[in-house]
Amino acid sequence: MKLEAAIFDLDGTLLDSMPIWQGLGENYLLQKKLQPAPGLQDALKKMSLQQAAQHFRAAYGLHEDEETIIGEIEMLIADLYRYEVPLKAGAAEYLQTLQEQNVKMCIATATERNLAESALERLGIREYFSTILTSSEVKTGKDNPLIFQRAFEQLGAPLTKTVIFEDALHAIETATSAGFRVVGVYDETAAQDKERIKALTEQYIYSFSDWKG
């Protein structure tokens with residue numbers, strides 16, 4: 001069946017950026033002279049930055065407002081998005097192929113817009129996407145299907161001809177539960193979830209050259 005629309009996650013799917021998020025929450029709290037709770041990193045994996053800021057305020061008593069906390073976290077990684085984060089293998093070539101096939105594309109990401117835009121522009125792939133949707137802007141993380149539903153509505157293709165590309169198990173569980181077709185994209189940081197992702201998705205790819213759409 002011909003693909004008409006593709007919704008792409010950003011970190012861990014198009015960008016090889018997940019390592020910079022490993023330990024970021026813990027490092028932020030330590031800079032505040034606060035001791036991170038055990039298991040914090042696993043908990044943060046499922047949160048948008050806004051949800052993480054809410055968690056830090058509630059669980060650690062931070063007095064800064066959510067916007068300030070998000071800004072402080074962004075400062076720790078902004079230069080990496082601006083200058084260093086690379087694309088996943090085969091991503092640029094695959095996006096070019098989809099464009100040539102007139103497939104409509106958008107980004108649905110938990111990363112803040114300014115970080116996403118700076119990386120996409122530097123890597124020369126911003127032009128492929130009609131829009132970028134962020135968890136902060138839709139006011140929910142990927143534990144809720146709203147961001148995928150909004151992306152689907154904006155692209156305007158039939159559900160059966162729309163595919164979501166995702167690397168994170170919790171986001172894949174959300175999308176498949178909402179009735180979306182999903183292709184799982186391998187990322188080393190989610191290697192422990194590989195078998196579960198394979199079971200949920202219609203295809204599991206190690207690079208974009210593996211995708212048979």
Side-chain angles (χ1 to χ4, degrees), residues 5-22 24-25 44-54 66-67 69-71 73-82 84-88 91-92 94-95 98 103-155 162-176 178 180-187 189-190 193 197 201 205 208:
I7 300 167
F8 287 91
D9 172 54
L10 189 63
D11 296 286
T13 298
L14 288 175
L15 301 185
D16 191 7
S17 54
M18 289 307 294
I20 71 175
W21 292 92
Q22 299 296 301
L24 181 62
L44 292 177
K45 283 181 182 178
K46 300 181 180 181
M47 298 183 192
S48 66
L49 275 180
Q50 185 176 28
Q51 289 172 318
Q54 293 168 352
E66 292 172 17
E67 185 175 343
I69 294 171
I70 290 170
I73 294 172
E74 286 181 354
M75 287 179 63
L76 298 176
I77 56 175
D79 281 351
L80 296 174
Y81 277 83
R82 193 173 294 119
E84 296 185 29
V85 168
L87 280 171
K88 284 288 194 75
Y94 183 62
L95 294 172
L98 291 186
V103 175
K104 295 177 283 189
M105 294 176 274
C106 74
I107 298 285
T109 179
T111 297
E112 295 299 294
R113 175 174 291 276
N114 62 316
L115 299 179
E117 292 272 12
S118 64
L120 293 171
E121 292 285 354
R122 171 177 57 83
L123 293 164
I125 60 171
R126 176 63 182 89
E127 64 181 290
Y128 295 121
F129 305 104
S130 59
T131 191
I132 296 173
L133 296 173
T134 73
S135 291
S136 291
E137 291 165 353
V138 302
K139 302 190 184 307
T140 184
K142 288 186 176 178
D143 53 343
N144 183 303
L146 181 60
I147 192 169
F148 299 124
Q149 291 164 346
R150 291 275 178 86
F152 170 66
E153 290 165 4
Q154 291 200 20
L155 292 176
T162 301
V163 170
I164 295 172
F165 291 86
E166 265 283 357
D167 69 295
L169 175 59
H170 75 280
I172 290 168
E173 289 175 334
T174 298
T176 54
F180 288 101
R181 296 174 62 197
V182 180
V183 170
V185 180
Y186 175 79
D187 190 80
T189 60
D193 300 321
I197 292 173
T201 56
I205 59 175
F208 284 96

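One is the number of the first residue; the rest follow in order along the sequence.
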Working for side chain to side chain contact (heavy atoms under 4.5 Å, CB included), residues Leu120 and Ile132 | CA-CA 10 Å; Leu120 293 171; Ile132 296 173; 3.6 Å; yes
Where the side chain of [X] meets the backbone of [Y], is there a donor-acceptor pair that is under 3.5 Å apart?
X      : Y      : result
Lys104 : Gln154 : no
Arg122 : Arg82  : yes
Gln51  : Ser48  : yes

Within the 4.5 Å heavy-atom criterion, are [X] and [Y] side-chain neighbours or not?
X      : Y      : result
Ile70  : Gln50  : yes
Leu133 : Ile107 : no
Thr140 : Ile147 : no

How would you list, by chain and number, every residue that makes a side chain to side chain donor-acceptor pair (under 3.5 Å) with [X], sequence neighbours excluded?
X      : answer
Thr174 : none
Ser136 : Glu112
Thr189 : Asp187

First locate atom [atom1] of [X], then atom [atom2] of [Y], and finally report the distance between them rounded to the nearest 0.5 Å.
X      : Y      : atom1 : atom2 : result
Ile164 : Thr201 : CD1   : OG1   : 12.0 Å
Arg181 : Phe165 : CZ    : CZ    : 8.5 Å
Tyr81  : Asp11  : OH    : CG    : 3.0 Å
Glu67  : Leu49  : CD    : CG    : 12.5 Å
Asp79  : Leu115 : CG    : CG    : 10.5 Å
Leu169 : Ile197 : CG    : CD1   : 5.5 Å

Apply the side chain to side chain contact (heavy atoms under 4.5 Å, CB included) test between Phe208 and each candidate in Leu14, Val183, Leu95, Leu98; give the one that qualifies.
-> Leu14
Heavy-atom pair of closest approach, residues [X] and [Y]:
X      : Y      : result
Ala116 : Leu10  : CB-CD2, 3.5 Å
Cys106 : Leu155 : SG-CD1, 3.8 Å
Leu44  : Gly25  : CD1-CA, 3.7 Å
Lys88  : Thr13  : CG-O, 3.1 Å
Val185 : Gly12  : CG1-O, 4.2 Å

Sequence-distant partners of Phe152, ring pair (Phe, Tyr, Trp, His ring centres under 6.0 Å), two or more places apart = Phe180
Those residues that, when tested against Leu24, pass side chain to side chain contact (heavy atoms under 4.5 Å, CB included) (two or more places apart) =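 Expected list: Trp21, Ile73, Leu76, Ile77.
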Mind checking what makes side chain to side chain contact (heavy atoms under 4.5 Å, CB included) contact with Thr176, not counting sequence neighbours?
->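 So Thr176 forms a side chain to side chain contact (heavy atoms under 4.5 Å, CB included) with Ile172, Val182, Leu200.
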Any pair counted as salt bridge (Lys or Arg N to Asp or Glu O under 4.0 Å), so long as it reaches residues 129-148, sequence neighbours left out | Asp9-Lys142, Arg113-Glu137, Lys142-Glu166
What do the steps show when you test Leu87 against Leu15 for side chain to side chain contact (heavy atoms under 4.5 Å, CB included), and what is the final call?
-> CA-CA 4 Å; Leu87 280 171; Leu15 301 185; 3.9 Å; yes
Validation: residues 123-131 side-chain donor-acceptor distances under 3.5 Å, sequence neighbours left out:
from   : atom 1 : to     : atom 2 : distance (Å)
Arg126 : NE     : Glu117 : OE1    : 3.0
Arg126 : NH1    : Phe129 : O      : 2.7
Tyr128 : OH     : Gln96  : OE1    : 2.7
Ser130 : OG     : Met105 : O      : 3.2

